[in-house]
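Below you'll find the structure, written out as structure tokens, and then a few comments.
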Amino acid sequence: MSDKKTSNQMWGGRFASGPAAIMEAINASISFDRKLYAQDIRGSIAHSEMLAQTGIISAADQEKIAHGLNTILKEIEAGTFEFSTKLEDIHMNVEARLADLIGPAAGRLHTARSRNDQVAVDLRLWVKDECFRVAEALKGLIRALLDRAEEHAATVMPGFTHMQAAQPVTFGHHCMAYVEMFSRDLSRVRDAIERMDESPLGAAALAGTSFPIDRHQTARALGFREPMRNSLDSVSDRDFALEFLSLAAICATHLSRLAEEIIIWSTPQFGFIRLSDGFSTGSSIMPQKKNPDAAELVRGKTGRVNGHLVGLLTVMKGMPLTYGKDMQEDKESVFDAAETLDLMLAAMTGMVSDMTVNTAAMKKAAGSGHATATDLADWLVRTLGLPFREAHHVTGRAVALAEENKVGLERLSLEDLQSINPGITSDIFSVLAVQNSVKSRTSFGGTAPSEVRKQIRAWKRRIAKA
Ligand code: ARG
């Protein structure tokens, strides 16, 4: 099966014939790692400058190298660059073209460097840039949620546990729960950036180099805080990619919960919200339908992002130090998770900003299902001094009576309530109304509009500075 092709230009010295077609297919990464072209060229320019400054190559050669690399950058961006599978990956594609363009000086670029530290620095730069993109997108989503929360700080809706109406809350409070979640996602992004802000360049193949390189200089030139301290670790770990995938998976999981709620809220049965036409689709057969496809796709794409995390964890598990070609499998999962997450965040921000909130439907639902039963029990404890367990029991009887009379709890007459506990006074009605229930929950972090507004103000200030 081996086809006799010319041997590889870069490492073909000891091979009599070219790699078999299957080998070429399994080995090549250019179809996906071409995405790293800008980082690869940036890294090479920084490396060449350092080589010239430390006297390892001449200034004249460095100039040629930098000029050639910039030409390649333009070619790739113009779409005129010819990528070759035979040249395996982005690193060798760029280097081969550099040789075409500037001749033998191109061969000096790879001094004191290996593809092992080269790919590690390229991917770190890419993931770091993506983290900044995710941080911006998260801030956009948080701002959109804050705006909706502010508008609806006093809009009552049912709060659920077990998907059963539990206690009334406000829609603003509900939005703010997501603000908290996405803010933690944002802080995870920042933590990850902090940890990945070290340069692996200069670790060479794995052991460092005997050339008098300056790793601090290249680290600085590439915008890293400092160089990584261990050459073996530099070329062999991909925990920065795993951290990105972890934070992406957690964020996607958060997004999927909001997506699911949007789907439920927009059913005719709930009718809490209406998605804008821009974020829904019609059915080709049922003219009355308006489907929340964007929300469903956010929910569905979470599977893909979470899968990429497990995928790369499994690639890295049990890898002996240092580099192994297994690690070439790190890129597609990172790229796809990034592209997917960016899209999910954009779609969610659009849906949140554009949706119409049906406050009347929320209010109606908030009042149903004896949602203020806990308020009644709390009143019995507070006013009559009943132990909570007994108050719970009394309330249960009141709920049963309301069911029997087919009315809401707040519609029971004072006589009805007194038949259960004679100590009850008309003051009880002040807590049975949904709006009053919500207003009374002024504990820190509670759903009272006054509390919700405090949190909105605090987050607006934080996000403006973030
Ligand atoms: N394409 C390779 C990767 O993505 C680059 C590093 C190759 N290094 C090597 N020793 N074969 O991992």
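For ligands, and for the atoms within them, numbers begin at 1 and follow the listed sequence. Residue numbers count from 1 along this sequence. Computed from a predicted structure; not experimentally measured.
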statement: Looking only at protein heavy atoms, what sits closest to atom 11 (N) of ligand 1 is R115 NH2, 3.7 Å
message: In terms of relative ring orientation, are F171 and H174 parallel, tilted or perpendicular, with 30° and 60° separating the classes?
response: parallel
Shortest protein heavy-atom distance from atom 8 (N) of ligand 1, along with the residue and atom involved: N116 OD1, 2.9 Å
task: Say whether S246 and R188, considering side chains only, have a donor N or O and an acceptor N or O under 3.5 Å apart.
output: no
- prompt: Applying the side-chain contact (heavy atoms from CB on, under 4.5 Å) test to R124, which of M196, R238, Q39 qualifies?
  reply: M196
query: With a 4.0 Å cut-off, would you call R34 and E77 a salt bridge?
result: no
- prompt: Where is the nearest protein heavy atom to atom 1 (N) of ligand 1: which residue, which atom, and how far?
  reply: Q328 OE1, 2.7 Å
query: What atoms in ligand 1 come closer than 4.0 Å to a heavy atom of D89?
result: 1 (N), 2 (C), 5 (C)
message: Tell me whether L313 at atom CG has more than 12 heavy atoms from other residues, nucleotides or ligands lying less than 6.0 Å away.
response: yes
message: I'd like to check which ligand 1 atoms, numbered from 1 as shown, lie under 4.0 Å from a non-hydrogen atom of K331.
response: 3 (C), 4 (O), 12 (O)
- request: Could you tell me which atoms of ligand 1, counted from 1 in the order shown, lie closer than 4.0 angstrom to a heavy atom of S29?
  value: 1 (N)
query: What protein heavy atom is closest to atom 7 (C) of ligand 1, reported as residue, atom name and distance in Å?
result: Y323 OH, 3.5 Å
message: What I want to find out is whether E451 reaches R441 closely enough, with some N-O distance under 4.0 Å, to be called a salt bridge.
response: no
field: Atoms in ligand 1 with a heavy atom of H91 nearer than 4.0 Å
entry: 5 (C)
